[in-house]
Amino acid sequence: MNSKEFRKNAHDVIDWIADYMDGVRDFPVRAQVAPGDVRAKLPAMPPLEGESFDQLMTDFKDIILPGVTHWQHPRFFAYFPANVTPESQLAEMLISAMGINAMLWETSPAATELEEAMMGWLKDMLDLPRAWAGVIQDTASSATFCAVLAARERSTDWKVNETGLQHAPKMAFYTSAEAHSSLEKAVKMAGLGRASIRLVPTDKDHAMQPAALAAMMEEDRKAGIIPAMVMATVGSTSVGAADPLKAIGVIARANKAYFHVDAAWAGSAMVCPEFRYLLDGVEGADSFVFNPHKWMGVQFDCTAHFVRDQDTLVRTLTILPAYLETREGSTVTDYRDWGVQLGRRMRALKLWFVIRLRGLEGLRSMFRGHVAWAKDLAATVRDTDGFELVTGPNLSLLTFRLLKEGLDTEELDVLTEKLLTLVNDDGFTYLTRTLVNGRPVIRFQVGQVQTTKDDVMAAWARVVELAKAV
Ligand SMILES: *Cc1c(COP(=O)(O)O)cnc(C)c1O
């Protein structure tokens with residue numbers, strides 16, 4: 001494809017994208033295909049000769065699109081959002097056109113320096129400590145993995161990096177049962193074993209109990225086990241619970257444990273001063289992660305990872321083979337030393353475009369709308385016969401289940417699960433399930449960029465309608 005053909009095809013693609021933005025509402029939210037449907041339509045063999053672009057676009061529409069779950073649908077209330085704004089898309093086009101590898105300062109000074117500047121902006125926007133340093137990772141899972149490695153190395157004076165785990169003392173990692181599974185994955189990948197994870201009990205609001213954390217650390221220390229790290233969550237995946245950061249930070253410090261805070265979803269909303277109280281005490285953390293690629297509209301992938309002491313992270317991850325030495329040396333930031341990957345995409349441009357074009361007030365009004373509509377919905381759920389509001393809203397996330405006279409909890413749980421299947425097969429909206437105190441509930445998370453209050457209420461009306469059939 002030469003540049004002339006590219007220009008023509010690209011215009012067609014842009015037209016398709018703009019139409020998609022306008023028309024996404026008309027698709028079922030969750031793909032309505034069975035396993036294998038898409039695969040069956042794909043040729044087993046690659047073509048010998050290059051095919052026409054028009055044919056490819058036709059196949060994209062006929063084969064791929066029906067198998068797509070529409071995360072940008074305004075009635076997507078499942079999981080957490082993975083928002084795409086038009087502003088972010090424009091930046092992503094430029095990023096992909098330049099195809100930069102931002103592993104070293106020298107391999108694109110603008111990528112590194114814009115990343116440093118954007119992490120500075122985000123610190124300011126979330127009112128994080130000015131002395132912290134930041135890096136963009138691909139996902140929160142990667143940032144949490146880095147935190148586990150940094151905790152492991154700091155706790156053993158960087159000995160595991162040198163001589164491996166076979167000579168290391170036992171370490172323990174603390175979090176609550178509400179925490180994201182990425183911690184367990186990280187601990188396993190770090191070679192520390194699932195058995196080193198301690199799940200601290202939670203209170204009635206599903207927040208970690210600091211006194212229980214202190215007692216568990218004390219017990220481990222008595223047994224000769226090093227309390228290496230505690231991970232607190234602000235905005236848990238299940239119900240949006242927030243752990244008390246201040247009290248946890250005090251206990252972590254007293255035990256010399258690394259303190260990591262996961263606000264993957266909720267962090268974006270902290271741009272609103274009225275929600276910032278949820279981060280009270282974050283200044284006591286060693287690291288903090290949130291995903292602009294969830295709620296902020298900076299499309300996947302873009303994870304903001306902040307650290308109190310960049311030397312701890314860099315010392316844990318640095319490598320310097322001869323082919324990566326540059327004459328600038330330590331006078332510049334080489335972000336390859338800040339994460340798992342060597343090669344890294346330029347991601348800061350998306351932040352720059354979204355923040356500049358929307359402005360802080362533009363972002364705030366989106367978060368405020370979502371939170372307000374979730375509050376309205378919670379009131380409606382409370383007032384609807386046959387339903388029980390179980391948690392929330394915590395920011396814009398609530399959970400509910402069915403409630404019927406004369407049925408025991410087991411029967412009700414079966415009906416709640418059945419309702420969710422009906423809702424998602426129907427396609428008008430898309431919700432996910434979770435467990436609260438061991439019982440299934442349906443999550444409703446308001447957070448898609450194009451969502452309106454009418455979308456929220458229309459989705460709820462459909463849920464109520466479908467519940468009649470259960
Ligand atoms: C989504 C989420 C994660 C994982 O995010 P990735 O970027 O997909 O790794 C971790 N923690 C919480 C609280 C989340 O909501």
Side-chain angles (χ1 to χ4, degrees), residues 69 71 76-84 88 122 126 134-149 173-190 197 199-200 202 205-208 229-243 245 248 259-270 275 278-279 282 285 287-306 339-341 344-345 347 350-351 367 370 391-399 432-436 443-448:
T69 291
W71 285 71
F76 180 100
F77 301 114
Y79 304 98
F80 283 135
N83 280 336
V84 177
S88 164
L122 289 179
L126 271 67
V135 54
I136 304 177
Q137 308 280 13
D138 54 2
T139 58
S141 301
S142 290
T144 295
F145 183 43
C146 290
V148 166
L149 295 174
F173 294 77
Y174 307 80
T175 194
S176 88
E178 296 292 319
H180 191 264
S181 54
S182 50
L183 180 73
E184 180 184 324
K185 195 171 186 176
V187 168
K188 289 201 289 193
M189 288 193 294
I197 297 178
L199 295 184
V200 182
T202 50
D205 296 321
H206 309 280
M208 188 189 290
M229 168 172 155
V230 52
M231 183 177 93
T233 307
V234 173
S236 67
T237 314
S238 230
V239 300
D243 293 334
L245 302 185
I248 293 169
F259 180 23
H260 178 60
V261 176
D262 175 7
W265 162 64
S268 295
M270 303 302 140
F275 307 137
L278 291 166
L279 286 187
V282 76
S287 57
F288 170 79
V289 61
F290 86 100
N291 284 347
H293 72 225
K294 276 185 171 159
W295 206 353
M296 200 178 269
V298 182
Q299 75 204 69
F300 198 78
D301 50 353
C302 184
T303 288
H305 177 201
F306 293 95
V340 174
Q341 305 168 285
R344 356 180 17 258
R345 282 159 43 70
R347 302 188 186 89
K350 292 183 281 192
L351 280 165
F367 299 128
H370 293 157
T391 64
N394 290 322
L395 293 173
S396 66
L397 171 62
L398 57 86
T399 67
T432 32
R433 99 193 252 283
T434 190
L435 294 176
V436 173
R443 289 167 83 261
F444 197 118
Q445 167 281 134
V446 185
Q448 209 284 320

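All figures in this text were calculated on a predicted structure; none of them were measured in a lab. Along the sequence shown, residues carry numbers from 1. Both counts, for ligands and for their atoms, begin at 1 and track the order of listing.
Distance CD1/I136 to NE2/H293: 12.0 Å, rounded to 0.5 Å. Atom OG1 in T144 sits 6.5 Å away from atom CE in M229 (nearest 0.5 Å). Within the model, atoms CZ of F145 and CD of Q137 stand 11.5 Å from one another, a figure rounded to the nearest 0.5 Å. One finds the CZ atom of F306 at 7.5 Å from the CZ atom of F288 (value rounded to the nearest 0.5 Å).
Taking the six-membered ring where the residue is Trp, the centroids of F290 and W295 are separated by 6.0 Å or more.
In summary, the side chains of T233 and D262 do not present any donor paired with an acceptor at a separation below 3.5 Å, with no hydrogens or angles considered.
If you look at ligand 1, the protein residues with a non-hydrogen atom under 4.0 Å away are F80, T139, A140, S141, H180, S182, G235, T237, D262, A264, N291, H293, K294.
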